[in-house]
Amino acid sequence: MREIGEVLRGVASKLLNSGEVDLVLGYTRGESSHVSVPYVATSPEETGNLCFDGTSSMALSKYLLQDNFAGKKTALIVKGCDYRAVKLSISENRIERGQVYLIGVDCPGMHQSPFCMSCEYKSPPADAVDVLLTGVEAATRLEVSSHRRALPEIEAIERMSEHDRFEYWKRQFNRCKHCYTCRNACPVCTCRVCLFDRENPEFIDAAKDQLAQHQFYHVIRAFHVADRCVGCGECARVCPEGVPLHLLHQKLQRELDKFYGRYRAGIDELPTPLSHAHAHEPDFFGKVGKQ
Amino acid sequence: MKIGVFICWCGSNIKGTVDVEGVASYMRGLPQVVYANDVQYLCSEVGQSEIGRAIDEHNLDRVVIGACSPRMHEATFQQLMVSKGLNPFYVEMANLREHCSWVHTDKEKATAKAIDLVRKAVAKARHAIAIFSEQLEVRKRALVIGGGIAGIQAALDIADAGYPVDLLEREPSIGGKMAQFDKTFPTLDCSACILTPKMVEAAIHKNITLLTSSHVEAVSGYVGNFSVTIRKRSTSVRAELCNGCGECIAKCPRKVDNEFDQGLSKRKAIYTLFPQAVPNKPVIDRDSCIYFKTGKCALCKKVCTTGAIDYDMQDELVDRAYGAIVVATGFDLNKPQNLGEYHYGQHPDVITSLDLERMLNASGPTSGKVLRPSNGQKPKRIAFIQCVGSRDKHKGNPYCSKVCCLYTAKHAVLLSEKYPDSETYIFYIDVRAAGKNYEEFYEKARLQGAKYLRGQVSKVEPLGDKDNRLLVRGFDASLGEQMEIEADLVVLATSIVPKTDAKQLGSMLGISSDQYGFFTEAHAKLKPFETQTQGIYLAGVCQGPKDIPEAVTQASGAAAKAIIMFNKGQVKSVPTTAIVNQDLCSGCMQCESACPYEAISSEQVSERAAGQTRQRVVAGVNRVLCQGCGACAGLCRSGAMDIGGFTHRQLLAEVDSL
Amino acid sequence: MRASIKTESLESLLTACEGLANKYRTFVSTSEDGVTGFRPLDHMTKEQRQAAATIALDNKPTVGSIKSFFFPDSEIYIKFARQGRKVEQTKLEVMGRQLILGVKACDLKSVEMIDKVFLSEPVDNLYLEKREKTTVIAAVCHQFGETCSCHEFGIAPVASAADLVLRRGSVDEVYLTAQTAKGEELVGDLLAQGCFVVCEHMPRSVYESASPQLSAMQVQKRMDELFESPLWDKLAKTCLGCGTCTYYCPTCHCYDIRDFSRRDQGVRYRTWDSCMFSNFTNMAGGHNPRPTRSDRLRNRFFHKLNYFVKKHGELACVGCGRCAELCPVGISISSVLKEIGGDLHES
Amino acid sequence: MTQNSFEPKIVAFCCNWCSYAGADLAGTGRMKYPENIRIIRVPCSSRVDASLVLRAFQNGADGVMIAGCHPGDCHYDTGNYHTRKRMVLLKSLLEFIGLSSDRLLVKWISGNEADRFQVTVERFTKELKQMGAYEKARDLRCAK
């Protein structure tokens with residue numbers, strides 16, 4: 001069985017040769033041998049630099065929102081989670097299906113990613129992508145585990161006293177520098193203008209020494225992705241300060257599942273749970289409900 | 001920007017608890033506030049001209065009013081702004097009366113709060129944007145829901161004004177509760193004699209269409225342009241063919257309890273609701289009809305000479321558009337089974353006032369004779385119990401049903417005249433006889449021998465004697481002692497309750513109801529006919545207990561409101577609608593599913609970027625459909641969606657000012 | 001007259017610093033939730049304290065650089081309050097002296113570079129005050145970290161600008177050598193604490209940098225040729241436009257000045273800003289002279305590798321390797337230096 | 001700050017049709033309740049988003065109340081369904097990051113439940129007095 005990178009390079013150069021696409025957006029080996037970084041191949045020759053392995057975690061669809069991809073037919077390498085992000089972006093009118101050629105890969109799971117351990121959608125649906133590459137050696141696959149087992153931190157935090165929970169997150173948030181890497185790497189943070197970049201009115205204050213502003217940023221962002229998170233885990237991976245942001249999103253997703261039934265962005269169709277509401281849903285604030 | 005702040009004393013209503021001068025002088029310290037003053041009555045002529053003068057002198061472009069609730073006088077001040085050539089939404093109100101002076105006593109704290117509230121209003125006014133409303137064409141056709149006296153009156157008034165009306169009635173005939181009454185207080189004229197002419201008038205009126213045996217299935221749209229789906233239930237009788245000869249009824253072998261007579265008599269499975277029913281065409285009650293049960297019988301079909309009987313008749317769904325809707329769905333009377341102490345439902349001689357009403361009626365089950373249901377004998381002693389389920393916080397409703405005192409007096413009078421030898425005892429909490437000639441009528445009842453006993457009844461129980469009479473135990477508050485009355489007949493003044501499905505209709509129409517289920521008027525004092533939903537009006541008991549003249553009054557009032565709108569021919573749309581900032585909008589369209597009015601849909605805009613023109617999707621708002629709830633604005637991630645009068649900027653400014 | 005002193009372990013140095021708590025607030029490089037950085041000694045957990053022993057002496061700079069001790073991510077200029085129509089300024093509390101332990105030579109070099117900007121006229125007094133009130137103990141590196149390339153920039157492991165240099169002995173013992181008056185003062189303070197002894201000779205542990213050094217001149221020249229190069233568009237295609245590189249780069253020093261006020265009081269403060277943010281050069285009228293990521297990226301590297309050289313005669317990079325390590329998409333100074341090609345080294 | 005001398009600051013968002021009217025009715029009825037509450041009028045409780053709530057806490061509010069029509073009575077039909085959906089999530093997220101969710105009160109108060117409004121304000125104020133001043137989510141540059 002041929003190594004997936006090889007197949008990938010073949011597909012990519014064919015696409016560029018035939019002129020079916022203008023660009024191939026994938027991954028290449030980073031400066032240090034144990035990382036791979038995003039790469040744009042513009043010619044068949046350049047496709048030689050493409051690779052794919054357990055470090056190719058960046059969600060690439062986000063790049064398509066940038067002007068420098070506008071009007072260019074782009075082939076895009078999508079893992080299961082990436083495909084979900086693409087589908088969401090398409091249904092939210094941010095990406096045109098016609099603008100992209102989807103090279104799906106049956107993802108082996110990224111190295112030490114708790115998400116991948118509990119991932120239910122490693123491979124994009126064969127009929128949804130233009131080509132699906134399989135054959136990543138089973139040996140490299142992470143063993144599948146339950147969401148609970150993969151993310152034990154959530155329960156651990158829930159079990160803490162309120163004081164300890166506060167201290168825990170205070171410590172995490174206070175390292176935040178508002179570098180916005182989590183937002184910029186997030187494949188479902190797709191607003192044209194982010195709320196936190198709004199200048200009139202200014203929703204968030206730029207001071208980096210105020211816990212309140214950190215809380216504001218992370219809570220609001222968690223809300224914006226709560227029902228739209230595709231579980232790629234990039235937010236946590238890219239954070240220079242190692243703030244476990246994914247826990248916030250996954251916590252909210254669990255709550256949503258619990259109260260309003262299971263919904264998976266990029267799998268299930270719109271509307272997302274928070275963008276519609278109905279009489280039959282539970283009421284926690286009524287006379288009987290908790291105050 | 002030049003802001004003027006005006007603090008109203010409201011006489012002593014605000015000034016009594018809030019240091020109004022202090023508040024005004026604080027405001028003078030705020031940036032952009034160029035004028036601040038306190039005035040005795042801002043809503044008065046004087047107050048208004050004072051504001052007007054200040055606007056001119058200091059050429060103010062924003063005005064902040066510290067006074068009563070905006071729900072009270074916002075319109076007044078918006079008017080003033082318009083007269084000064086300013087946008088009505090450049091005025092902002094701080095609620096210093098309802099939310100401050102009236103609810104607090106500590107002057108210092110109340111003043112501090114007042115300062116906060118006004119500063120908050122100033123902060124909001126600073127970011128006020130001009131808002132305008134659209135003109136909507138009005139569909140000049142009205143729907144009246146409910147064919148009781150209120151509905152009939154409303155329909156007639158609107159029709160007489162020259163506008164088409166559909167009069168919707170759930171039952172096979174219009175007439176409602178009033179048709180069940182024998183006489184009306186205090187004049188004692190026969191209920192039917194004054195009602196039936198109106199029923200007929202409604203039936204023959206060229207502008208009125210009767211829709212009986214029908215109910216509302218769905219409502220959508222907005223003021224001036226509601227679209228309503230009505231279900232005309234199948235009656236199995238083709239009204240257009242039927243000549244109302246009544247042969248079918250005579251021949252029908254199936255007898256069932258007659259609900260119109262409170263089950264005190266029988267009717268056929270094919271029947272008219274009552275002799276003077278309008279329309280006077282029989283209907284088949286499929287649940288009891290033998291043919292529908294067994295497929296046999298079909299006698300009515302055989303005897304019908306016009307072939308009007310049609311067993312295959314189906315329900316019909318009609319969609320109609322209306323400019324205005326009058327809700328006159330009336331009421332029910334609660335069955336006091338839950339009040340075990342009265343033995344109702346356990347002893348046949350414990351009846352409700354409406355039962356008695358039917359007996360007293362010459363065309364009623366007993367042809368006008370009052371008889372004990374248990375043995376058909378004439379009762380000698382009759383005990384009336386008032387407020388059964390009314391004014392009873394624990395087991396009933398806290399409110400007063402309003403009409404019981406008078407109709408009971410009426411019953412006493414009628415009995416004393418029909419049966420001079422009978423005795424009537426009336427147990428009451430107090431007698432409420434406010435109203436023209438009501439007190440006199442109550443007096444008449446006493447003079448004619450009705451014995452009023454002030455005090456509540458603790459128990460009604462069978463005596464167990466041979467003619468099975470009842471013992472009424474009570475407490476005579478005026479004598480301060482227990483008392484017992486042996487009675488042949490006990491009549492309960494059961495309380496008025498809303499129709500059980502009123503709430504359902506309410507949510508279809510988007511009008512709210514109070515904790516009891518009566519529909520809520522737009523303003524308790526000043527808008528008794530309107531609801532919070534423009535173009536929907538209230539008439540009759542569905543809004544709260546009232547007697548016939550009151551119901552008729554409200555009906556005419558509601559009609560007038562509809563007529564006024566029709567005459568204008570146009571209404572203003574809600575000005576405070578959603579606003580999309582299309583530069584910010586990503587076009588994700590998540591707001592579309594959040595909108596309860598389908599007012600949001602996607603639009604294409606073209607923009608130049610990276611040297612090329614591109615189309616992209618953005619959200620667009622239909623300002624006529626949008627009612628300005630803000631569910632979309634609360635949802636929009638980038639804050640591209642906003643609500644006029646309640647923009648992100650304004651709300652943040654308010655929060656920041658506290 | 002360079003006084004050198006020794007004690008048996010870093011731990012005893014920390015204890016001594018605690019003894020000086022009323023004079024200095026001490027910050028030591030350690031790790032929190034797996035992220036290395038400087039933490040106040042008085043708020044350290046036992047684990048963090050133990051971790052310090054290795055991290056402070058580690059051959060790798062911490063995630064966050066020490067620039068934040070002199071140029072905090074958020075810093076108040078003035079506090080103001082309003083009484084009616086008149087506005088009053090309220091005094092800022094004066095900062096005490098601080099002691100930073102475990103700094104790397106690269107970071108100190110970066111501070112020298114920022115000095116050139118903030119201490120040249122007009123002097124940035126907020127910055128100056130912090131520089132004066134801070135005593136820096138630099139730990140000598142023994143070998144390169146994975147992403148280190150300080151030697152390329154001619155940075156010796158012994159930080160000449162440090163107030164004191166910390167060397168590790170053959171066992172656990174640590175040696176301190178004062179290099180400035182502030183250093184001497186601290187030596188005095190530490191000796192007074194008891195646990196230190198004066199010593200004559202240091203362990204010789206410094207490696208000799210063999211690798212050829214980058215020529216600022218060559219780099220600057222090469223960059224001049226590349227202003228219109230498609231390279232920047234290529235890089236920009238995968239840039240996320242986040243602030244990681246700038247916020248963690250020890251030589252980046254851009255800031256934004258803002259007001260924050262609620263009700264009747266507020267502050268005017270400065271806070272880090274990043275030239276990679278789309279609104280960095282947004283102007284009041286809405287015009288943005290650097291509208292695309294490509295423009296912004298190019299500007300950043302020109303600032304490091306060209307403009308700074310022209311103005312101050314050296315590259316605005318110390319080879320700390322943070323960008324290489326932290327940029328989620330692998331765009332770093334070293335990767336760019338590779339990309340631009342040509343012989344950039346001293347001949 | 002001792003419990004009895006401490007006066008909590010409450011920011012309340014009341015929907016124009018029910019809760020604001022309920023507060024008005026409490027006023028008309030001259031019902032008395034603590035001065036601590038400041039009401040911000042919104043068209044519908046669904047207009048309120050998480051950012052407004054957090055902003056209020058940043059500015060030093062000790063409690064935030066969101067009041068709307070009873071489910072089923074929303075003037076806009078479905079507004080309060082959105083509110084309860086968002087707010088239950090916000091509460092659990094606040095809880096998760098150690099911010100007491102009891103300081104965010106969501107209540108359904110209709111236009112004629114003046115008494116319910118009064119009791120709610122009284123109880124909430126009392127509870128907040130017991131909880132004491134709120135610092136955990138305050139921007140320390142804002143006056144308390």
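Just so it is clear: chains get the letters A, B, ... in the order the sequence lines come, proteins before strands, and each one is counted from 1.
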**Request:** Enumerate by number any residue of residues 597-605 of chain B whose heavy atoms lie under 4.5 Å from heavy atoms of chain A; in the absence of such residues, state 'none'.
**Result:** none
**Request:** Answer yes or no: is there a donor N or O on one side and an acceptor on the other, between the side chain of A/Arg198 and the main chain of B/Ser638, under 3.5 Å?
**Result:** yes
**Partners passing side-chain hydrogen bond (donor to acceptor under 3.5 Å, both in side chains) against B/Tyr399 (at least two apart in sequence or in another chain)** = B/Asn397
**Prompt:** Can you tell me how far the CZ atom of B/Arg637 sits from the SG atom of A/Cys189, to the nearest 0.5 Å?
**Reply:** 8.0 Å
**Message:** Go through it in stages, so that I can follow the logic: the residues are A/Leu270 and B/Gln590, the test is side-chain contact (heavy atoms from CB on, under 4.5 Å), and I'd like the CA-CA distance, side-chain angles, deciding distance and then a yes or no.
**Reply:** CA-CA 8 Å; A/Leu270 296 186; B/Gln590 295 273 23; 3.9 Å; yes
**Request:** Enumerate by number any residue of residues 641-658 of chain B whose heavy atoms lie under 4.5 Å from heavy atoms of chain A; in the absence of such residues, state 'none'.
**Result:** B/His648, B/Arg649, B/Leu652
**For A/Glu96, all residues meeting salt bridge (charged side-chain N to carboxylate O under 4.0 Å, His left out), sequence neighbours excluded** = none
**Asked** Is A/His280 atom NE2 crowded by more than 12 heavy atoms from other residues, nucleotides or ligands, each under 6.0 Å away?
**Response** yes
**Request:** Side-chain contact test, heavy atoms from C-beta onward, threshold under 4.5 Å: evaluate it for A/Asp67 versus B/Arg614 and give yes or no.
**Result:** yes
**Item:** Contact origin within B/Cys595 toward chain A - heavy atom pairs under 4.5 Å
**Value:** neither
**Message:** Test your reading of the model: is there a side-chain donor-acceptor pair from A/Asn93 to the backbone of B/Val617, 3.5 Å cut-off?
**Reply:** no
**Request:** May I ask you to check whether over 12 heavy atoms, not counting those of B/Lys499, lie within 6.0 Å of atom NZ?
**Result:** yes
**Item:** Heavy-atom donor-acceptor pair, A/Arg192 side chain to B/Asp583 backbone, under 3.5 Å
**Value:** yes
**A/Thr190 versus chain B, the contacting section by heavy-atom distance below 4.5 Å** = both
**Request:** Sort out for me which of B/Ala594, B/Ser593, B/Ser507, B/Cys591 touches chain A most, counting heavy-atom pairs under 4.5 Å.
**Result:** B/Ser593
**Item:** Max heavy-atom pair count under 4.5 Å with chain B, selected residue of A/His224, A/Arg94, A/His276, A/Glu202
**Value:** A/His224
**Request:** Can you see which heavy atom on A/Leu274 is nearest to which on B/Leu635, and at what distance?
**Result:** O-CD1, 3.1 Å
